[in-house]
2 protein chains.
Amino acid sequence: MATLKDIAQRVNRSVTTVSRALAGYSDVSPETISIVRSAADEMGYVPNTLARRLRNRSTETIGFVVPDSSGGYSEAFFSEFLAGVSKRAADFGYDLLVAVAHDKEDEISIYRKLISEGKVDGFVLTRTYCRDARAELLTKEGFPFAMFGRVENASSAPYVDEDGTYAMKLITEHLVDRGHTRIACIGQPESIMFSRLRLQSVKEHLATAGVQIPEEYIRMGYFSQKDGYEQASDLLRLPTPPSAIICFNDLLAFGAVNAGKDADLRIGRDLAVTGFDDIPMSAHYRPPLTTISQPIQGIGGMVVDLLLDRIQELRGITFQEHESEAAKRRILIPESWKVEADRHHHQLLLKPELIIRGTT
Amino acid sequence: MATLKDIAQRVNRSVTTVSRALAGYSDVSPETISIVRSAADEMGYVPNTLARRLRNRSTETIGFVVPDSSGGYSEAFFSEFLAGVSKRAADFGYDLLVAVAHDKEDEISIYRKLISEGKVDGFVLTRTYCRDARAELLTKEGFPFAMFGRVENASSAPYVDEDGTYAMKLITEHLVDRGHTRIACIGQPESIMFSRLRLQSVKEHLATAGVQIPEEYIRMGYFSQKDGYEQASDLLRLPTPPSAIICFNDLLAFGAVNAGKDADLRIGRDLAVTGFDDIPMSAHYRPPLTTISQPIQGIGGMVVDLLLDRIQELRGITFQEHESEAAKRRILIPESWKVEADRHHHQLLLKPELIIRGTT
DNA sequence: GTGAAAGCGCTAACAT
DNA sequence: ATGTTAGCGCTTTCAC
């Protein structure tokens, strides 16, 4: 591996000059620059990452800690998000460090460890809780992070989230329009922020439409297709079973559809089912699932943008910032996104889209 | 952040001594050791990872490059494997760097980049191809790697694989025992090593049992539940449709089951379907899926063991190795695994287990 | 426009 | 048993 020193010897300049030439500093003569550049190319020079990181006190690495109970994730969601994060990070020369936690306590200790060992510059969080231990820790430590989802105990932290309240407005209105009055829902635990928001929204908008939702129609705490099947089966055995089931992710909805089929109901006619996420399989399910689309990969990328912006911001306080650098990091929202943002574009709420298919 | 220097000043020793005390070298007085240790504890000393890595010329990081077309993965497989890798790596103080590739060419260039920038000490590969461009590159570069799966163009590389040949023997025998003579199969592209091996095995064992398998019964090149549905539907529309369908993963099998249901066949009686992987959902599908179990998480861990062993081996050539270190790294195979291994335990073949459930 | 020198925090060879 | 010295490869004052 060629080093700056090797190049310096070859072109008869000092290491310093070579370093600056390569970095494109303005106080290096054009001639020197071209000499150095071509030498570097020929020698296949690649800067030593470790040395640069040590010197710059920057790991150029983003941390992503995955809770092992990934049952919580619909798996497709997880890979999509990961792809979005990884690619955007790579665009900025950042690496992605992934750690998988054994359990809840382990998770927090992993964050502690990664921080104290200085292995990452910041974290990306997803699947946020209303009271989120991770957000709390990171806020307390003053360590940079950005989230897919909101929390209640870190109100100024940067996030991207889908407007679940609005999404559920779309869904309830859609179902009420279709004439449904017995509407149930199956969702994740209410401790998860988005789940609570969605449930609240369902309740509110049903109330507005003058539709009652009895307690036994509300099933919270579930994730998987199996859960969806079981809860839906149970709902359908009630004395007055629902005619529509709102599920808080697509997997739950698949389970509910199966339960309906097993109860000999015609899905979309006798029983309506809706999902959330629009994972790839949803369009190909039978019948295809009515659901809410989320640009998960794009959101992953956006969370990285927010995080890197935050990191730069904190650096700015400590170090002098080149103006050019400062200008580089500005949050850019894709044209195609409908979004509500705060003044600094650090807290973004996406307007979701309802995809009407065969299950309603 | 406290540094060695800080501790050294506090306890009136040199930085060297402190370093060695903390590392537990035998040539430091017990007294000094305890003084240094307690000072370090009090000051909350954590070694600077970057500095240590630069000095040791080791990144303590494993690379895992995920092809973006993760449609290829059954998603559950992917997270399980990741969990196994990450946890085992953590046991040895190694980090996991994950990169997601846009496409096939991008993938190779990511490997090149990570190598030349010195960001990882070795790679973990999965979903291997018969002629695997990654394995080829890494072998050529002499860069450490270990695989879940075999390849044909890197015969001495360390791997763990499930014995797919044996697995298919179990499945075909099971089906033939049940009286099936019209047996079809749906698998991934034959360019994928495990897929080719499984297909070969199916053909051989059917031949042995005196069962014909016509060309139109063989559908290779598929991954998803949707694929499974489409191919199975097509098979069932043939003049002489199969009475059993062997699928090379569980997702395909789910699709095939659905196709059978839609054709009003009783699954397990009129039509038998088998899967592969035993992902969590398989036990809860309706009917529950007959399939082959793979301890995916355990395999992920084992691949890490193989890789770290390989890395140490290569280091041993360059650097002097502490004996204790050398002793530490020996491949240990879990008691519960039935396994065929080479002399050095660097190439492992797991004996799979057939899980008979409701679909046969 | 260029170079010398210092230092990020750590470890190891080599004294003593 | 401990300290001195050197250096990993890079970036950044600061002086000329």
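Labels below follow one simple rule: chain letters A, B, ... track the order of the sequence lines, proteins then strands, and each chain is numbered from 1.
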Check: A:Y111 ring centre within less than 6.0 Å of A:F143 ring centre:
no
- Query: Does A:K119 reach the side chain of A:T61, with side-chain heavy atoms less than 4.5 Å apart?
  - Reply: no
Whichever of A:S19 and A:D27 has the more 5' nearest nucleotide on DNA chain D, that residue is A:S19
B:Y45 OH to C:dT11 C1', in whole Å, measures 11 Å
Side-chain atoms of B:L4 come closest, of C:dC10, D:dT11, C:dT2, to C:dC10
B:I35 CD1 to D:dA1 P, in whole Å, measures 14 Å
Side-chain contact check for A:R20: nearest option of C:dC10, D:dG3, C:dT2 is C:dT2
B:I7 CD1 to C:dG9 P, in whole Å, measures 13 Å
Here the distance between atom P of C:dT11 and atom CG of B:L50, to the nearest Å, is 13 Å
Test B:L96 against B:V85 for side chain to side chain contact (heavy atoms under 4.5 Å, CB included), laying out the working first.
CA-CA 8 Å; B:L96 180 65; B:V85 169; 3.8 Å; yes
Would a 4.5 Å heavy-atom cut-off, applied to side chains only, mark B:D95 and B:E60 as touching?
no
_Is any side-chain heavy atom of A:F92 closer than 4.5 Å to one of A:D305?_
yes
Whole-Å distance, B:R53 CZ to D:dG9 C1', equals 16 Å
B:E31 atom CD is separated from D:dT2 atom C1', nearest whole Å, by 13 Å
Q: May I ask you to decide whether A:R112 forms a salt bridge with A:E141, counting only side-chain N to carboxylate O separations under 4.0 Å?
A: no
Closest to the 5' end of DNA chain D, once B:S26 and A:M1 are matched to their nearest nucleotides, is B:S26
### Query
So do B:E107 and B:V65 actually touch side chain to side chain, heavy atoms under 4.5 Å?
yes
Discussion item. Is it the case that atom CE in A:M1 sees more than 12 heavy atoms from other parts of the structure closer than 6.0 Å?
Written reply: no
Ranking D:dT12, D:dC10, C:dT2 by distance to the side chain of A:Y25, first place goes to D:dT12
query: Heavy-atom distance under 4.5 Å between the side chains of A:T126 and A:F78, does that happen here?
result: no
- Applying side chain to side chain contact (heavy atoms under 4.5 Å, CB included), run through A:I62 and A:F123 and close with a yes or a no. CA-CA 6 Å; A:I62 291 175; A:F123 290 99; over 6 Å; no
Collect all protein-nucleotide pairs involving nucleotides 5-8 of chain D in which both atoms are nitrogen or oxygen and the distance is under 3.5 Å.
| unit_1 | atom_1 | unit_2 | atom_2 | d |
| --- | --- | --- | --- | --- |
| D:dG7 | N2 | B:R55 | NH1 | 3.1 |
| D:dC8 | O3' | B:R57 | NH1 | 3.2 |
| D:dC8 | O3' | B:R57 | NH2 | 2.8 |

In whole angstroms, the gap separating P of D:dC10 from CD of B:E117 amounts to 12 Å
To the nearest angstrom, the CG-C1' distance between B:D6 and C:dC10 comes to 13 Å
Q: Would you tell me if any nitrogen or oxygen in the side chain of B:S14 comes within less than 4.0 Å of OP1 or OP2 on D:dG3?
A: yes
**Study point:** Short side-chain N/O contact from A:T32 to OP1 or OP2 of C:dT2, under 4.0 Å
**Key:** yes
Rounded to 10°, the angle between the first-five-pair and last-five-pair axes of the helix from C:dG1-D:dC16 to C:dT16-D:dA1 is 40°
